[in-house]
Amino acid sequence: MQTSRHPLLSPAPGTQRELISLHYGRAGAQKAYIQASLHADELPGMLVAHHLRQQLDALEASGRINGEIVLVPMANPIGLSQFLLHGHLGRFELNSGENFNRHYPDQIANVAAAIESELGDDAARNVRLLRLALREAVLQTPVDTELQSLRRTLMSLSCDADIVLDLHCDAEAVLHLYTETPCWPECEVLARFLGARLTLLAQDSGDRPFDEICSQPWWRWAEQFKNRFPIPQACLSVTVELRGQADVDHALARRDAQHIIDFLTHRGLISGQAPALPAAVGDARPLAGSIPVKSPSAGVLTFLRDAGAMLRAGEVLAHVIDPLSNQVSELTSPVDGLLFARESVRFAHAGMKVAKVAGLTALRTGKLLGD
Ligand SMILES: [Zn+2]
């Protein structure tokens, strides 16, 4: 295993953060890129990375790593240091207010224009050329700020990978995934190995989150060059939501790490016999069918149903109680679907989104991700 240190743009004299990546195996065959805690206060992924590292060390020692595996155990050194009044704020950069998982630079059109004259009938060769050009374009992306240099560094490590896993978590949730629709055939296998209850599918959900900037070039180029050059969906990129923020537990993390190893073995990046493909414990639903449950009033929030419950439209899932008026507001499910995520705070303000229910029908339009 080789450790690489990537200095970020220094925001002020005398200060410099760095991103650290761990590299297993060799370039040339398949490549997997796995990063943890891009939202720096979502820690289950960091513990999974700890267990993954132990497994990868052992696999490397026994010569079983065939492909290239890049592990970034702490993807956000900026967010890791953002504490305010004893609270950890790892989702948004305090300076700009921007979400660490949005606004990745789009080099898709630039690369297409630069490489078009070299493309041909050989799909594998097209993939090789496009990956080289994409990585070069990413490295040339101008950056003005430390945050932009973090985004560029993460992209430079991941943009040419066959498999990208971005390990996050929700507030309180069942294990679920986000991926772009063209990735679903391959993601379906990952979902089975991980035991995901739900995969939320969208195609360009808006604001360029990290997973989509890795998968999006391939289906966009395929559309652009359709009928002229074969371009496969060469990157399976998935946001893995490892349950809730407090689910930082050795037994869970050890199991999640093993499931990732099983998947990589199934895909051939690790030699040996992969376990049989597990039965699916969930399904895929449109991200546009994931409907937030809002509180109409302020008060103490108490849930009547756990994450993982299947609800009927109109079924009560929580109460919001105003202790002054003694009024109890019932919060009901907006659709038939899976209650897959809940807030972890227990005071709701008026209009607050306190839970998410995934239905089967796409009902929302516009930008599909939350803040
Ligand atoms: Zn996150």
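Remember, it's 1-based here, ligands and their atoms both numbered in the order they're listed. Values reported hereafter were calculated over all heavy atoms of this structure, with side chains retained and with hydrogens, waters and symmetry mates removed.
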Identity of the N, O or S atom of [X] lying closest to the Zn ion (ligand 1):
| X | result |
| --- | --- |
| His168 | ND1 |
| His39 | ND1 |
| Glu42 | OE1 |

Is the charged tip of Arg342 near the ring of Phe303: under 6.0 Å from the six-membered ring centre and within 45° of its axis?
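Verdict for Phe303: a cation-pi partner in Arg342.
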
Should the heavy atoms of other residues, nucleotides or ligands under 6.0 Å from CE of Met74 be counted, would the total exceed 12?
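12 or below, so no.
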
Please evaluate residues Arg312 and Asp336 with respect to the criterion salt bridge (Lys or Arg N to Asp or Glu O under 4.0 Å), reporting the C-alpha separation (whole Å), side-chain torsions for both, the decisive distance (0.1 Å), and the verdict.
CA-CA 4 Å; Arg312 307 294 298 179; Asp336 291 353; 3.6 Å; yes

Under 6.0 Å between ring centres: does that hold for Phe100 and His39?
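Distance test on ring centres: not under 6.0 Å, no.
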
